[in-house]
Amino acid sequence: MMHEAQGQLVQEVVTGGLPAPPSRYVLREKDRTTGGGEAPELGFPIVNVQRLAEPGDVEEAAKLQAALQSWGLFAVTDHAIPESLLDDIREEAKEFFHLPSSEKLQYANQTESGEFQNEGYGIDRVDTADQILDQILTVQPEESRQLRLWPRHPPSLSKLLHEYALRSEQVAKQVLRAMARTLGFDEEFFLGRHVGEKVASYARFTYYPPCPRPDLVHGLKPHTDNSVITTLLLDRDVGGLQVLRDGRWVGVPVLGRSGEMLVVVGDEMEIMSNAAFRAPTHRVVAGERERMSLATFYQPELHRDLEPAAELVGGDRPAMYRKVGVKTFADGFWDAFARGEPTIDFLDARVDKKEAPRAVPGT
Ligand SMILES: O=C(O)CCC(=O)C(=O)O
Ligand SMILES: [Fe+2]
């Protein structure tokens, strides 16, 4: 059901001159974000996509491998997406979020009877009090697009998203091919055999309004991504993304052009690779300046099952996850996210419960 606050949009409350965020967004004292390792990290991994495509480039492959083993996410350069496209899509997305709520609610993520649906504009399903505003759209396969939920204003935003989706899919594919190679498999190991011809993708634009008391609220609460991998277009000037590393939150640095596009390992890759690659837990802290991001989640074809690849199971490496349908996993994500639990644990997909991640600080 629709939460009574669904129509009360946080950026309007916040920019309306209030000294502090409305109480429903305020975190309990123990969950607040100050003092927790927010300093941006030096040595953040950056991988060159063109070089990754060269099977003989062992240096770049080693960088990818190190990035996957350490952060589970990394910036990509030489990705062939024109800078002007990245700038335009960010600008137009902000323009969309700046529209009056009556206009944006045309694309609301609820059905006419008030039921939550996974696509559209709004706060995510409200089960807890700390969620922000986003717009989620299926982008691939094209025949699954629900165009009535695609913004008609600004007028070119939909076209930009279409173009961006085509190009960002190429980046995701290059990275998946190179990831297969780092494990000694052929390039189609993940893409062709486990993901399928028709990679599914969902775009999520997230808008973080300027927040008068960033210490009191989450931007986006801790989670792992519901994807094989995610491409993530960041705000060029405003940081806030943090990654949980060895029990500490570490800030992703703002690196201008070379740090604006990230690739993030998702839960589905963790399962398929039998934890050869792990999905990093990440969150966004609120800030005094507005910020937006565009995440595109790449998923296997919906009719498939997710399970550890047979080649990565055996001997001293038993299967660490049970088989789960891609659709079950995708639906489970929403329940898990609303409760602040990892989807893998929420769906009881981990074979050895002792392997479950330690409790996330600040949740
Ligand atoms: O806004 C960001 O930097 C991160 C967004 C994110 O993690 C997501 O949409 O899953
Ligand atoms: Fe994420």
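Counting starts at 1 for both ligands and their atoms, in listed order. Numbers here simply count residues along the sequence, with the first being 1.
For the Fe ion (ligand 2), protein N, O or S atoms closer than 2.8 Å were enumerated as His223 NE2, Asp225 OD1, His282 NE2, with waters left out.
When the side-chain hydrogen bond (donor to acceptor under 3.5 Å, both in side chains) test is applied to His282, the partners found at least two apart in sequence or on another chain are His223, Asp225. Taking the side-chain hydrogen bond (donor to acceptor under 3.5 Å, both in side chains) definition, one finds that Arg291 meets it with nothing, sequence neighbours left out. The salt bridge (charged side-chain N to carboxylate O under 4.0 Å, His left out) test applied to Asp186 returns no partner, not counting sequence neighbours.
Separation of atoms CZ (Phe205) and CZ (Phe96) is listed at 9.0 Å; rounding is to 0.5 Å. From Ser258, atom OG reaches atom CG of Asn48 across 11.5 Å, with rounding to the nearest 0.5 Å.
With hydrogens and angles left out, the side-chain atoms of Gln106 and Arg148 include no donor and acceptor closer than 3.5 Å. In this structure, a donor-acceptor pair under 3.5 Å is present between the side chains of Glu92 and Ser156.
Using a 4.0 Å cut-off between heavy atoms, Asp225 contacts ligand 1 through its side chain alone, with no backbone atom that close.
Short contacts between ligand 1 and Ser293, defined as distances under 4.0 Å to a heavy atom of the residue, involve ligand atoms 1 (O), 2 (C), 5 (C). Those atoms of ligand 1 that come under 4.0 Å of a heavy atom in Tyr208, given as number and element, are 1 (O), 2 (C), 4 (C), 5 (C). Heavy-atom contacts of Leu234 reach the following atoms of ligand 1: 3 (O) (cutoff under 4.0 Å).
Residues Pro280 and Val243 approach most closely at CB-CG1, 4.0 Å, considering heavy atoms.
In terms of protein heavy-atom proximity, atom 3 (O) of ligand 1 is closest to Arg291 NH2, 2.8 Å. The single protein non-hydrogen atom nearest to atom 10 (O) of ligand 1 is His223 NE2, 3.1 Å, given as residue, atom name and distance. Scanning all protein heavy atoms for the shortest distance to atom 6 (C) of ligand 1 gives Leu220 CD2, 3.5 Å.
Remark: among candidates Arg283, Met292, His282, Arg204, the nearest residue to atom 7 (O) of ligand 1 is His282, based on non-hydrogen atoms. For the residues Val284, Val264, Thr230, the heavy atom positioned nearest atom 2 (C) of ligand 1 is part of Val284.
Aromatic ring pairs are classed by plane angle as parallel below 30°, tilted from 30° to 60° and perpendicular above 60°; the pair Tyr207 and His98 is perpendicular.
Using a 4.0 Å cut-off between charged side-chain N and carboxylate O, Arg51 and Glu54 make no salt bridge.
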